[in-house]
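A short write-up of the structure that comes next.
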There are 2 protein chains.
Amino acid sequence: MAKRKETSTNTENRNYITSCDLTYAVCLVGGRWKLLILCKLEKGKLRFGELRNQICNITERMLTLQLRELERDGMVKRTVYAEVPPRVEYELTEISLKLVPIWGLISNWGAEHRETMLQKNTAEAENLIEQQ
Amino acid sequence: MAKRKETSTNTENRNYITSCDLTYAVCLVGGRWKLLILCKLEKGKLRFGELRNQICNITERMLTLQLRELERDGMVKRTVYAEVPPRVEYELTEISLKLVPIWGLISNWGAEHRETMLQKNTAEAENLIEQQ
DNA sequence: GCCATTACTTACTTTTTTGTTAGTACCCTA
DNA sequence: TAGGGTACTAACAAAAAAGTAAGTAATGGC
C-alpha cells in the first residue's frame with residue numbers, strides 16, 4: 001500500500017498481469033475495503049466520518065489509504081470544504097458509476113456461488129459420515 | 001496464501017468484508033494470477049504445463065497455489081490421469097462459466113477506464129507545462 | 001487559555017502474499 | 001543404469017498489505 005520497490009519481480013509481475021484489461025479492472029477495486037467503500041457511496045456523497053461509521057471495522061488509517069488510492073485511480077471524487085472543523089465529502093465518479101450495474105451482477109453471482117459451495121460442503125460431510 | 005493465524009484482526013476483517021456478496025465474489029478471483037488462469041481456461045481444458053507456458057511470468061509454485069485455491073473454491077475442476085509422466089487437466093466449472101459474460105463487461109470497462117486515465121494524465125501534464 | 005471536533009499523519013509491528021531455489025516421484029527409453 | 005518428461009512440494013526470503021497506537025492542525029465555544 002505504501003512505497004514499493006520499483007525493481008522487484010513482484011512489481012514487474014504486477015505490470016505484466018495488468019496488461020490484461022480484466023485483471024487491471026479488478027486490481028482497481030482489489031484493496032481490502034474498496035468495494036465496501038464504493039458500495040456505501042452508491043447511494044450518494046458521504047463524509048469521511050460517515051464512511052468510518054458505516055464500515056465499523058475499518059481503522060481511520062485504512063479508510064484514508066483506500067480512499068487516497070481510489071481517488072488517485074479516478075474512482076472517487078474528494079471535495080474539501082474550507083471549514084473548521086474540516087468537512088470532506090466523497091462521491092463516485094462518472095467512470096465508477098458505470099460499474100454499478102456490473103456490481104449487481106457480480107453480487108448475484110457471489111450469492112449463488114456461496115449457495116453452491118454450501119451444498120457441496122454439506123454433501124461432502126454426509127459422504128464422510130456414510131463412509132464411517 | 002499458506003497457513004493463517006486464525007485469530008488475527010486481519011482474519012476477522014476478512015470474514016467481515018466477505019459478508020458482502022460483491023466483496024466475497026471479488027475475493028474469489030483476487031489472487032494475483034487467478035483471472036489470467038481463468039481467462040486461459042475460457043477456451044477449454046488445459047494441462048498444467050500449457051498454463052505455465054501461456055502465462056510466461058508465473059512460477060510453478062504460484063501456478064500450483066493459485067490452481068489449488070481455485071479448485072478449493074469450486075472455480076476450476078482438476079482431472080488427474082494415471083499416466084507416467086503425469087497428466088493433469090484443468091477446466092472451468094459450471095459456476096465459474098457463469099462469470100464469463102461478466103468478465104467481458106468488466107474487461108470493456110477496464111479498457112475504458114485506462115483510456116480515461118490516460119487523457120486525464122495528459123491533460124494534467126499539459127496544465128503543468130502551461131503553469132511554468 | 002483550554003477543550004472539543006474532524007479528517008487526517010506518522011512511526012512502527014504483524015500478517016499475508018509473492019518469489020527463489022532446489023528438490024521429489026514415477027516410469028519409459030536409450 | 002542414466003537421463004528425460006511432467007506436475008508438483010518444501011524450505012526459505014523478500015515484498016507488500018493491513019493493523020496499532022499515538023499524534024497533528026485549525027478554530028469556535030466555554
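In the text below, chain A, chain B and the rest are named by the order of the sequence lines, each starting its count at 1.
The ring pair (Phe, Tyr, Trp, His ring centres under 6.0 Å) pairs that include a residue from residues 23-43 of chain A are A/Tyr24-B/His113, where partners are two or more places apart or lie in different chains. Residue pairs meeting the ring pair (Phe, Tyr, Trp, His ring centres under 6.0 Å) criterion with at least one partner in residues 34-73 of chain B, sequence neighbours excluded, do not occur; the list is empty.
Atom CG in A/Asn13 sits 8.5 Å away from atom CD1 in B/Ile58 (nearest 0.5 Å). For the atom pair B/Leu105 CG and A/Lys98 NZ, the distance stands at 13.5 Å (nearest 0.5 Å).
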Check step by step if side-chain contact (heavy atoms from CB on, under 4.5 Å) holds for B/Leu41 and B/Leu51.
-> CA-CA 8 Å; B/Leu41 294 177; B/Leu51 279 169; 4.2 Å; yes
A/Leu35 vs B/Cys20, side-chain contact (heavy atoms from CB on, under 4.5 Å): CA-CA, chis, key distance, verdict = CA-CA 9 Å; A/Leu35 281 171; B/Cys20 162; 5.8 Å; no
CA sep, side-chain torsions, deciding dist, call: A/Ile37, A/Leu63, side-chain contact (heavy atoms from CB on, under 4.5 Å) = CA-CA 8 Å; A/Ile37 293 170; A/Leu63 183 52; 3.7 Å; yes
In sequence, state the C-alpha distance, the side-chain angles, and the governing distance for B/Leu92 and B/Val100, and then conclude on side-chain contact (heavy atoms from CB on, under 4.5 Å).
-> CA-CA 10 Å; B/Leu92 297 187; B/Val100 174; 4.2 Å; yes
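Residue-level contact check: B/Tyr81 touches neither bases nor backbone, having no heavy atom under 4.0 Å from any strand.
Between the CD atom of B/Glu83 and the P atom of D/dA7 there is a distance of 10 Å, rounded to whole Å. In this structure, B/Leu65 places its CG atom 9 Å from P of D/dT9, rounding to the nearest Å. Following rounding to the nearest Å, B/Met62 (CE) and D/dA15 (P) show an atom-to-atom distance of 16 Å. Protein atom CD of A/Glu71 is 13 Å distant from nucleotide atom C1' of C/dA7, rounded to whole Å. Here D/dC8 presents its C1' atom at 8 Å from OH of B/Tyr90, a figure rounded to the nearest Å. Atom CZ in B/Arg87 sits roughly 13 Å away from atom C1' in D/dA7 (whole-Å rounding). Distance, A/Asn13 CG to D/dA15 C1': 12 Å, rounded to whole Å. Per the geometry, CG belonging to A/Asn10 stands 5 Å off P belonging to C/dG19, to the nearest Å.
By the side chain to side chain donor-acceptor pair (under 3.5 Å) test, B/Asp73 pairs with no residue at all, sequence neighbours left out. Looking at residues two or more places apart in sequence or on another chain, you find no side chain to side chain donor-acceptor pair (under 3.5 Å) involving B/Glu91. For B/Thr23, the side chain to side chain donor-acceptor pair (under 3.5 Å) criterion is met by no residue, not counting sequence neighbours. Take B/Lys120 and apply the side chain to side chain donor-acceptor pair (under 3.5 Å) test, not counting sequence neighbours, and it matches no residue.
Here the side chain of A/Trp33 is nearest to one of D/dA15, C/dG19, D/dG19, namely D/dG19.
Applying the 4.0 Å criterion to OP1 and OP2 of D/dA16, one finds that A/Ser8 has a side-chain N or O inside that range. A close approach under 4.0 Å does occur between a side-chain nitrogen or oxygen of B/Thr11 and OP1 or OP2 of C/dT16. Between A/Gln66 and D/dA18 there is a side-chain polar atom (N or O) within less than 4.0 angstrom of OP1 or OP2. The side chain of A/Thr9 places no N or O atom within less than 4.0 Å of a non-bridging phosphate oxygen (OP1 or OP2) of D/dA15.
Among all heavy-atom pairs drawn from B/Cys27 and B/Ile17, the shortest one is SG-CD1, 4.5 Å. The nearest pair of heavy atoms linking B/Gly110 to A/Ala25 is CA-CB, 3.9 Å.
Listed in residue order, the members of residues 44-52 of chain B having a heavy atom less than 4.0 Å from DNA chain D are B/Arg47, B/Phe48, B/Gly49. At a non-hydrogen distance threshold of 4.0 Å, nothing from residues 16-24 of chain B comes into contact with DNA chain C.
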For nucleotides 9-12 of chain C, print each protein N/O atom paired with a nucleotide N/O atom at under 3.5 Å, atom names and distance only.
| unit_1 | atom_1 | unit_2 | atom_2 | d |
| --- | --- | --- | --- | --- |
| C/dT9 | OP1 | A/Arg68 | NH2 | 3.0 |

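Counting only distance, with no hydrogens or angles, the side chain of B/Arg32 and the backbone of A/Asn10 share a donor-acceptor pair below 3.5 Å.
If one axis is set at each end of the helix from C/dG1-D/dC30 to C/dA30-D/dT1 from five pairs, those axes are 30° apart, to 10°.
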Can you give me every donor-acceptor pair (side chain of residues 74-86 of chain A, partner residue at least two apart or in another chain, under 3.5 Å) with its distance?
| unit_1 | atom_1 | unit_2 | atom_2 | d |
| --- | --- | --- | --- | --- |
| A/Arg78 | NE | A/Tyr90 | OH | 3.2 |
| A/Tyr81 | OH | A/Glu89 | OE1 | 3.2 |
| A/Glu83 | OE1 | A/Arg87 | NE | 3.2 |
| A/Glu83 | OE2 | A/Arg87 | NE | 3.4 |
| A/Glu83 | OE2 | A/Arg87 | NH2 | 3.0 |

Contact state string [nucleotides 24-30 of chain D, B base, S sugar-phosphate only, - no protein heavy atom under 4.0 Å] | --BB---
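At least one side-chain heavy atom of A/Ile106 sits less than 4.5 Å from a side-chain heavy atom of B/Ile106.
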